[in-house]
Each structure stands twice: as C-alpha cells, then as structure tokens.
A.B. asks: 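After the structure tokens below, expect a handful of questions from me.
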2 protein chains.
Amino acid sequence: MSSRDAELLISVDRNGPASMQAQLERQLRDAIRGGMLRAGSEVPSTRDLARDLGISRPPVMEAYAQLAAEGYLALRRSAAPRVADTAPGHRAQDLPPESITTLVFRYDFRPGSPDLSSFPSARWLKAAEAALKTMTPDDFGYGQRYGVLPLRRALADYLGRVRGVGADPRQILITSGFEQARALMARALKRRGVTELAVEDPGYSDREVWLAAGLKLLPIGVDEYGIDVAALGKSRAQAVLLTPAHQSPTGVVMSGERRLALANWLREKNAIALEDDYDAEFRYDRAPIGALQGSAPDHVVYAGTTSKTLAPALRLGWMVAPPDLLLAFEDEMRLMDCGRGRLEQFTLAHFIISGDYDRHLRKMRALYRDRREALLAVIAAELPEVEISGISAGLHATVRFPRRLNEAAIHENANKRGMGLSFLRGHYLGTAPHESTLLLNYASMPESALRTALRTLAAIIADS
Amino acid sequence: MSSRDAELLISVDRNGPASMQAQLERQLRDAIRGGMLRAGSEVPSTRDLARDLGISRPPVMEAYAQLAAEGYLALRRSAAPRVADTAPGHRAQDLPPESITTLVFRYDFRPGSPDLSSFPSARWLKAAEAALKTMTPDDFGYGQRYGVLPLRRALADYLGRVRGVGADPRQILITSGFEQARALMARALKRRGVTELAVEDPGYSDREVWLAAGLKLLPIGVDEYGIDVAALGKSRAQAVLLTPAHQSPTGVVMSGERRLALANWLREKNAIALEDDYDAEFRYDRAPIGALQGSAPDHVVYAGTTSKTLAPALRLGWMVAPPDLLLAFEDEMRLMDCGRGRLEQFTLAHFIISGDYDRHLRKMRALYRDRREALLAVIAAELPEVEISGISAGLHATVRFPRRLNEAAIHENANKRGMGLSFLRGHYLGTAPHESTLLLNYASMPESALRTALRTLAAIIADS
C-alpha cells in the first residue's frame, strides 16, 4: 500500500493538557504495544497524518522521530514509514497452535480433490468482467439471497440437459457447496420430524453434521449394484443420503433396477433422498446415467457443486429442492447467513452460458481419462494381484487386494514419504471386509507424478 | 453457448429393439416433456451428438427433423438447434409464487444500503487478476476453511490500524457477512450455556436467529451516550449485542464513560459482547472512535463487513474471536459449510494490501459527506421543525419530529410513490416514545435524487 492512502485510528485534542507531539507519541506507542499496529505494517507519512488530523507537520515529525528512537517505528528515506520489526511488547496470544495449518501431501491419493492446477483462470476472469458489466446497481445489494436468477436459470438448463434433473429455477438454491447443502438438509429433516437417516456403508466418514442435528445414522450395505434397497426398505429410515451416479467411495454406479426400487420406496414411504451428485460430470467409457432426481423429483433433494468440475476453492454449489421442502430450506438458509457472493454467482452464470463450463469439462475429462489409463498401466505392472473397480466415472479407483495388508504400517510409511492414502476400511460404519481396499485418486496428479507415486506405493506395500 | 460444446444426457443401445432414430426421439421428447430440457435451451448440433454417441449422423438428423415437426425443437440454418419455445408439456410446478421476487424501491430511505452504483469494478477485477496469479495449486483446494491466511493477515493489520482492534490473524475468521457472524454467535452462546442476551432498544428489528437458538432477548435502553450500562448491570444478561461506534439505528456514538463501564461489566460478569462494527469506516466531522474490542479483547467478539464499504453483494465479512471462543466458532462453522470462496478472499486481500480499499473508502466518504450536506440543507428548508441526530458517522440520519405523525398513512403514501421508509418505532422491542422519528438513509441515492425524494417526502408528511 502506498502510505499516501494508509489510514490510522488516531486523534488529537487541541484543548488537551498534553502537546500534540506527546499525544501522538502516546497513542502510537500504545497501539504498537497493544498489538493493534503490527510489526512491519505501514503507518501514514507525516504529511498525510498531519493533513488528516488538520494540524501542522512538525509535531508529527517529532513524534515519529521519537518513536523511531525508541524502536517502535522504522523510518527510511523514500520508503513508507512502518512499525519496526523489533517493536517491543507484542501481546502473545494464548491461541490453539494448529488452527491455521493445513496438511499438504506431495503425492495425495486420497479421494476428493480434482486437479488443482487446471483452474481456468483467464476464462473465469473474462466471465467475471462480463458479469460485472451486466450487473445493475440493485444486483450489488442484499437481494436474491437464495441465488441470483441468471445462475438459477443457467443451472436449470444445464442440469436438465446434462444430468436429467427437472427443475424450475425457483427450486434451485445456490449453496457454498455440498457441505452447506448437507447442513441445510440435516436441519430441514429435523424440522420434518425425521429421526433416522440411512447412509451408504461404506460411505462418507464425516458424520458430524448429522449427529449434531440429532439424527441417528442407519448404515445400509452397498454392493456392485449400489445401495441395498431391500435392506433400506426393512429399516426404520425416513430419509437416505446417496451417491447414485458414482458411489462414494466404492465408485459403484447404481443399477436401473435399484434406482426403480429406490424411487418406489421413496414414494411409498413418503421419504426423502439427498442425492450428492458430486463428480458425475466425469464419465469415461460408459453411457451417462441421469440423476435420481429425474425419477422421483418430489422426493429427491439434489446437490451439485463446482468443487470437482472447477475447484473446491470456489465454494459454489447448488441444491434442487422438491417444492414442498423449498420453504424449509429457505428458512434454514436465512438462519445461517445472507447467501453466497453475488459476483461469483453472476460469473458462474456467464461461464456456463458462454459454453466455457462445458468446454472445460471436456478438456478435464480427456485429461483425467489419460491419467486413469496411466494408473491402470502402472497397477497392471506393479500390483498384478489387485482387482480394480469404480473407474468408469469419477476421479478415483477402488483397488481391492486379495488379502489383508498391514494397513497401519503402509499408512505410516506412505505419510513419511509425503504420500496421503485412504483405505476403504475407514469408510465403514459397520464391519469392513477382511481384505484390504485402497482408494486411489488419479485425477489430482500429473501423469509423471502419478507413475512415480504409484511405483513408490507398490514398493511400500511390498515392504510392509 | 456454441452448440459445439453443449452436452446432453442421452444414450443409445446398439443392440436394443428400437432403431437409433427412435431411441433418440423418445429420449429427447421425454426430456423436453418432463422439463429437463427447457424451452429455448440449446441442444447439441447433429454432428456433435452423432460424434458423442459414436454413431452416424443420419439417424440424429432424422430424429431432430421429426421432433421439429412435432414442435419440440426449433431448427434454423446457421444457428444452434434449440428446444422450441412452443414445446408442449412443460411441467407446472407447485411453487411458492414470491420466493424469487425482491422489493425494489425507486427512492429507498431505509437504512442499511450503501451506494450500490459505486462498486469499484475495474479495481476489483485487477485485484482478482493479481490474486489468481499468486494463488498456488493448493490454494484452489479445500484448505484454509476459516479464511485464507493473506486476508487474515491483511485484516489484522487493517483492523489494528483503522479500528484499534488487537488481533492475531488466527483469531480472525472470514464470514459471509454479519448475518453469519450472528448465526455463529447465537450457536456459540447456546453452547456456552447463555440463555439471556441483552440487545439495544431500539435496535435490530430482525431477531429470528437469536430466538431460533433459544435465547431470550432482554431489551436495554439507549440514550444519547449509548446503551444504558447501569440497566444492563441490573439485568440477568450474560451477553450483549452492540453497535458502539454508531448505534443501529439511532446513530448515537457510545461515550468513553459508558465504554469503560461496559468493559468493566464484561470482565466482572465474564460476559460476552458481540460488537457489530457495521459502518464505522464512515465518519465525517468527529474524532474516530476505536472499536470496543480494543478495550476488552477477551470478552468482545468483533464483527466487520464489506457490505457497507464495498457492496452487500460481496457477502464477505470477518469476525475477531477471543482466544477462548475461537474453537467454538470454528466448530460451529464446520457444521455450516466449508468456508467462504477463496478467490474473493485472495482478491480482497490484494485489494486491501494495494491500498485500493483505503482509497475507495476516502472517495466514498467524500461522496457521502456531500450527500449528507444535501440532506441537511433540504431538511432545514422543508422540515424545519425536526431535530436531526446520528449524522457524525454512518450512512443515515435520525430525524425526530416534535409530534406523533400518522406513520401508517405516510408509509402507505410513500410506498405508493415507490419510496421505502423506516420509522424508528418498528425498531423497539419495548415501548417506543410517543413522538415520531424517521430514519433517513442519505448514502444510497445520488444528490439530485436525494433532493427530489426529500421534497416528495416533506409533501407526503404535510398531506398525511
């Protein structure tokens, strides 16, 4: 920042007993001691501060010189004055030490992340520029809290076209991603009187939100056709959390028969499904599968996201609510905040309408297909005993070993080499099978890194 | 979108009993009838669809021609094929009719909105471009959910410098604005066992979030020195919601004496204050007042926002949590979602560090000061009997009449002329004074509109 524009919370009392210089010195010293002015941060030039306070410059210069002598300020010719790095008395905070750090692996096989280096920055900026040009003054206000209309319209078209979702734009609520859709769902289910929620087993290992809402989780098995709908029918569940297009984490695609049975169960029981359509845009060599929502629109809450298609950092997703749940979701949203940023919503609308979204998906699909082929080739060479599944879609493969591995040792050795791993065992609520299964994200690493990492992994497994 | 890139959820079965053309026709017809493909939306060209399905082009062309004849598709030379606007059978949804509409007034005097036509689009885009250039691949992932570090650092410097807030960057959580800070606070208070929350009276009329969290609200009076701390001390409140820098809505600035008494009460009672510092950046002719947080950092949760300084549409704010409340806020945030969008956070960090934020504030302050002068001039001429207060800071004036107006009639007449009004009466939890007081936002209208609107308002008042 140019110091010309730096502002500072300081004031002088012309009628006070202390001189201007003394008043300034005391206030600046206290601000630095108290940690309000932090080491290295800029302060206004003496000229600007004098102007802002409406006083002459000399007392300000004197005060700065004094504070520099005391070690509080660093003054240098032709550079903005700053708080000295050596300034005494910063308040040590009693803070949890790790609240900011995030674990970053060199090679991360854990499912969930797309390629993070492929964000289409230039096209996104173009869309943002176009969006800002079309936004009216009212669009910069508090309105459209559940989502801006151009984005809801663009998504209604897109989801109908690509995912077989039937929705009026008013049924589409813009979220900050699946995590918010899940939080809204947990609260809306509670409001509806639901106490037992069926979940796929194996499934999501993160269950905190459901439990915090007071819901009991009922694990329902998953086989090669998807969730066991017969078992679901025998349970006391009034709602179910599902990943039909590409089961998380096994990668199984729900069969047409199961889908039909599930839609029947939803109607007969007047139950609700939360469909997490997290990575369905990535399919490689099978026919596309429409969303479950299309089969039972009055009973399915559909949730989609840009986290896999663009970047998790965008925090921009959507949910499609059945008409009779819409008001409950809107009520719960109002209790959380005032909606997602409108600028990025208008930007995403432009990005979709311009065709950039579809173009980006095509490009990424080709890239991920190549990475998947590389994964299959290395695994065939290095781990010939495994059985691979879940690779017709999504961003990770399910790799089943014919025996139980020493999972703890492999985990530990992998972490030591900067490698993140995820075994399927951790995703079970009930009892996991005896054999070991690894989940391998092939999307987030360039091909060469992927090959290296897989060979390292094979060596770790052989040694453990 | 160029149809070259439009994708479509459709598949064909080469071994099925029906011809390719019949399969395509049926699927497209169903998708349009069911509302999945909406009127006016693009479908892929016959060339692209044939390529995507791996079949020859003629059956696709035949299917399109048939659907065009049936009124489902609109085909035109050298234009992308689309679903016809006349396509039959769109599913009528049983939707709440008003869930999308937002009330927009031509002249809006209601407090809360800054000037919406002054968003610095060009500088914001520059900051976004700079941000995207500095973001590493990891920055595009799921990390930094409580806020990106560069923004937390920039805010720690800024808040210390301009608002006298003492905070380590780890104490700063990035929110989607005050509404989210309030929701987090409500839940954190509940977790702490707080049952009674003192609120300023008059104060915020929106109390839903507090009541939903099961908190009882205790109205505490506000006089010319701010909230009545003696009354607060006699109450059973364990926490208090406050706007010390510019009381919402009266515009009163809390006196130094009251501030000291409040800080003492907080420490003695081990109570918590939520300080909503919503528009303190705008001060005109009084000495700047630091945030209450600086006086009692272990007992004050400080909340700030870009809603008044940049635009409500940004949905970007921050809270500063005392160390021993930090983990509770982080826990509650995790139960809501996965944090704010990282791109706009990096953008705001650049915007602040470059000095653009301070420059924008200076510019807006000059603009608002001029509008305030215009307001004062017209009121002196048109409504000489009123008493004006709360104008040393913020974006609205408090205009007290020496008598009780016919508020309902004035409201109605104003709304008929497209004018939004807010009387102070609606902001009381307890009993409002007999006399009428109007809150007049002077920031959101250009000077000429402001003058016209004020004259119209004076006429309405005279007639009612």
Side-chain angles (χ1 to χ4, degrees), chain A residues 1-2 5 7-9 11 34-38 41 93-95 99-100 102 104 113 116-117 119 121 125 129 132 137-138 140-143 157 160-164 166 168 170 176-177 179-180 183 209 212 287-288 290 311-315 323 327 335-338 341-342 344 355 358-359, chain B residues 1-2 5 7-9 11 34-38 41 93-96 99-100 102 104 113 116-117 119 121 125 129 132 137-138 140-143 157 160-162 164 166 168 170 176-177 179-180 183 209 212 287-288 290 311-315 323 335-338 341-342 344 353 355 358-359:
Chain A
M1 178 182 317
S2 123
D5 303 289
E7 303 217 345
L8 194 63
L9 179 78
S11 61
M36 280 79 125
L37 279 172
R38 297 162 47 74
S41 68
Q93 295 283 353
D94 178 25
L95 284 176
S99 71
I100 250 172
T102 309
V104 175
S113 183
L116 297 178
S117 60
F119 184 77
S121 295
L125 276 172
E129 195 177 354
L132 280 164
D138 281 331
F140 286 96
Y142 283 98
D157 284 349
R161 178 165 56 81
V162 173
R163 301 297 304 127
D168 185 285
R170 282 171 295 175
S176 61
E179 289 76 5
Q180 193 188 21
V209 172
L314 268 193
R315 305 315 314 137
L327 287 181
L335 293 176
M336 280 190 194
D337 63 16
C338 197
R342 317 296 190 247
E344 61 264 31
D358 285 54
R359 271 188 288 274
Chain B
M1 177 182 317
S2 121
D5 303 289
E7 304 216 345
L8 194 63
L9 179 79
S11 60
M36 283 78 129
L37 279 172
R38 297 161 46 75
S41 68
Q93 296 283 354
D94 179 26
L95 285 174
S99 70
I100 251 172
T102 309
V104 175
S113 182
L116 297 178
S117 59
F119 185 77
S121 295
L125 275 173
E129 194 177 355
L132 279 164
D138 281 332
F140 285 95
Y142 283 97
D157 284 350
R161 176 165 58 82
V162 173
D168 185 284
R170 283 171 295 175
S176 60
E179 289 76 5
Q180 193 187 22
V209 171
L314 268 192
R315 305 317 312 140
L335 293 177
M336 279 190 196
D337 63 15
C338 196
R342 318 298 190 246
E344 60 263 31
I353 293 164
D358 284 52
R359 271 188 288 273

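Quick note on labels: first sequence line is chain A, next is B, and so on, each numbered from 1. Note that this is a predicted model, so its numbers are computed, not measured.
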A.B. asks: Please state whether the side chain, the backbone, both or neither of B:Glu129 comes within less than 4.5 Å of a heavy atom of chain A.
C.D. replies: both

A.B. asks: Given the options A:Ser41, A:Ser113, A:Ser117, A:Gly164, which has more heavy-atom pairs under 4.5 Å with chain B than any of the others?
C.D. replies: A:Gly164

A.B. asks: Counting heavy-atom pairs closer than 4.5 Å to chain B, which one of A:Cys338, A:Gly160, A:Ala313 comes out on top?
C.D. replies: A:Ala313

A.B. asks: Could you grab the distance from atom OG of A:Ser176 to atom CZ of B:Arg315, nearest 0.5 Å is fine?
C.D. replies: 13.0 Å

A.B. asks: Which atom pair, heavy atoms only, marks the closest approach of A:Phe119 to B:Leu132?
C.D. replies: CE2-CD2, 4.0 Å

A.B. asks: Say you draw a straight line from CG of B:Asp168 to CZ of A:Arg38; how long is it, rounded to the nearest 0.5 Å?
C.D. replies: 6.0 Å

A.B. asks: Of the listed residues (B:Leu125, B:Leu314, B:Leu116), which shares the most heavy-atom pairs with chain A below a 4.5 Å separation?
C.D. replies: B:Leu116

A.B. asks: How long is the span from the CG atom in B:Leu37 to the CZ atom in A:Arg161, to the nearest 0.5 Å?
C.D. replies: 8.5 Å

A.B. asks: List the atom of B:Phe140, the atom of A:Pro312, and the distance in Å for their closest heavy-atom pair.
C.D. replies: O-CD, 3.1 Å

